[in-house]
Trainee: 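One structure is given below, represented as structure tokens, and several questions about it will come after.
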Amino acid sequence: MMHSPSLPILQRMTLRGLTRLVRRPSLLIPATVMPVFFVVAFSGTFNGLSRLEGFGTDRMVNWMAPYAAIQGCSFAGVGAAGATAADLENGFFDRLLLAPCRRINLMLGPLLYSLARAILPTTLVLLVALLLHARLQDPVLGLVMLYVGCLGIAIVYGVLGLALVYKLRSQRAMAIAQTLVFSSSFLSIGQVPLSFQTGWLHAVSRVNPLTNVLRMTRQGFLEQGVTWHDTWPGLVALAAMIGVLGALAARGLRKLGP
């Protein structure tokens, strides 16, 4: 069978997701309202922690803003997978499986949508943080690290969500994906540095790949600025998670339908 060009199909699927978002703006609440709440609430309540030696910054908002943006993008990725879950439940995905295109495009389309969707919470959190007097030590590279980390995480949780959706074939998969978002973010250096953690939490956070991603993402907001030492582990963690979870999602997609 002849395959149609990939780019128009991906564009159509991305546009379809964005159109759904415009028609149902409530879908943006987890990815926008919650991250902004985290920045405002945690930056004020826990501001005293930033005065401790070794925290890395004298402003709690510098520490919390990248973490909140990462969480927003996590839900952006999961939300994109949720659209696929809805298509599976209402039968529309069966028609997509019969389309004259490579099946992998049915997975790449939602992932492109998750990237477009993740730009909003990242930018919104950044603007709110700047209003709260966040300070970028390295404005250019700092912003690059912020967006690379956030958009990368949107892809990570996008393929995770799709892998679960293809397996369970219903929106019940979203509850599992959201639980994994919260647990992975809380068991990392999201709220405090690794050196401040003890016991089992320190052990789990140390091996959690999200720790390296967060360390890379928030570099521009910390006193030491952007360094290759803190950048490459984050890039490797993103590549590894996308590779492994993407392979699981692709395998699940191949098992669907005809």
Side-chain angles (χ1 to χ4, degrees), residues 34-35 38-39 42-43 45-75 77-78 118 122 125 129 137-138 141-142 144-161 163-164 176-248:
M34 289 182 60
F38 281 148
V39 172
F42 288 5
S43 296
T45 304
F46 300 107
N47 189 55
L49 288 175
S50 61
R51 302 190 187 97
L52 297 176
E53 184 178 356
F55 201 86
T57 179
D58 59 351
R59 302 183 185 189
M60 193 63 180
V61 65
N62 289 344
W63 185 265
M64 293 305 306
Y67 172 58
I70 285 284
Q71 281 206 323
C73 291
S74 300
F75 284 108
V78 169
T122 304
V125 166
Q137 301 290 341
D138 194 335
L141 289 178
V144 170
M145 291 296 100
L146 177 68
Y147 278 89
V148 167
C150 288
L151 297 183
I153 281 296
I155 295 295
V156 168
Y157 285 102
V159 289
L160 170 63
L164 292 170
I176 300 175
Q178 290 169 1
T179 300
L180 292 174
V181 167
F182 279 117
S183 59
S184 61
S185 63
F186 290 142
L187 299 175
S188 69
I189 59 169
Q191 296 177 323
V192 295
L194 188 63
S195 59
F196 284 31
Q197 301 177 20
T198 60
W200 67 267
L201 179 59
H202 179 275
V204 173
S205 180
R206 188 165 177 262
V207 299
N208 185 348
L210 189 59
T211 290
N212 285 331
V213 177
L214 277 164
R215 188 177 287 123
M216 176 189 72
T217 304
R218 62 166 47 117
Q219 287 181 92
F221 292 83
L222 303 183
E223 293 172 358
Q224 81 274 7
V226 177
T227 65
W228 178 243
H229 178 268
D230 286 334
T231 299
W232 74 263
L235 296 176
V236 170
L238 284 175
M241 288 189 289
I242 292 173
V244 172
L245 295 173
L248 291 175

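Model, not experiment: these values are computed from the prediction.
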Trainee: Indicate yes or no for a side-chain donor-acceptor contact from Trp63 to the backbone of Gly190 under 3.5 Å, with no hydrogens or angles considered.
Mentor: yes

Trainee: Would you call the rings of Phe196 and Phe55 parallel, tilted or perpendicular, taking 30° and 60° as the class edges?
Mentor: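 Phe196 and Phe55: perpendicular rings.
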
Trainee: How many angstroms lie between atom OG of Ser188 and atom CZ of Arg215, to the nearest 0.5 angstrom?
Mentor: 10.0 Å

Trainee: Would you mind reporting whether Phe42 and Met60 have side-chain heavy atoms less than 4.5 Å apart?
Mentor: no

Trainee: Using modelled atom types and a 3.5 Å cut-off, is there a donor and acceptor pairing between side-chain atoms of Gln71 and backbone atoms of Val181?
Mentor: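 A pair under 3.5 Å: no.
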
Trainee: Would you give the length of the straight line joining atom CG of Asp230 to atom CZ of Arg218, rounded to the nearest 0.5 angstrom?
Mentor: 11.0 Å

Trainee: Heavy atoms only: give me the nearest Cys150-Thr217 pair and the separation to one decimal.
Mentor: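 Scanning both residues completely, I find the closest heavy atoms to be SG-CG2, 4.4 Å.
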
Trainee: Any side-chain heavy atom of Arg206 sitting closer than 4.5 Å to one from Thr211?
Mentor: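 Counting from C-beta outward, Arg206 and Thr211 never come under 4.5 Å.
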
Trainee: Are side-chain heavy atoms of Gln191 and Phe186 found at a separation under 4.5 Å?
Mentor: yes

Trainee: When you compare the side chain of Leu235 with that of Trp228, does any pair of heavy atoms fall below 4.5 Å?
Mentor: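 The answer is yes; the side chains approach within 4.5 Å.
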
Trainee: When rounded to the nearest 0.5 angstrom, what distance separates CG in Leu245 from CD1 in Ile155?
Mentor: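 Leu245 CG to Ile155 CD1: 11.5 Å, rounded to 0.5 Å.
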
Trainee: Starting at CG of Leu146, measure out to CG of Leu141 and round the result to the nearest 0.5 Å.
Mentor: 12.5 Å

Trainee: Find out whether Leu187 and Ser205 are in side-chain contact, i.e. whether some heavy atom of one side chain is under 4.5 Å from a heavy atom of the other.
Mentor: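 Answer no - side chains too far apart.
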
Trainee: side-chain contact (heavy atoms from CB on, under 4.5 Å) with Met241: which of Val156, Leu160, Val159?
Mentor: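 Exactly one candidate clears the test, Val156.
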
Trainee: Does Asn62 reach the side chain of Glu223, with side-chain heavy atoms less than 4.5 Å apart?
Mentor: no

Trainee: As an exercise, state the distance from CD1 of Ile153 to SG of Cys73, rounded to the nearest 0.5 Å.
Mentor: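 SG of Cys73 is found 8.5 Å from CD1 of Ile153.
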
Trainee: Which side chain to side chain donor-acceptor pair (under 3.5 Å) pairs, counting each pair once, include a residue from residues 231-246, with sequence neighbours left out?
Mentor: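 Output for this query lists Gln219-Thr231.
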
Trainee: Working to the nearest 0.5 angstrom, can you tell me the gap between Tyr147 OH and Thr122 OG1?
Mentor: 6.0 Å

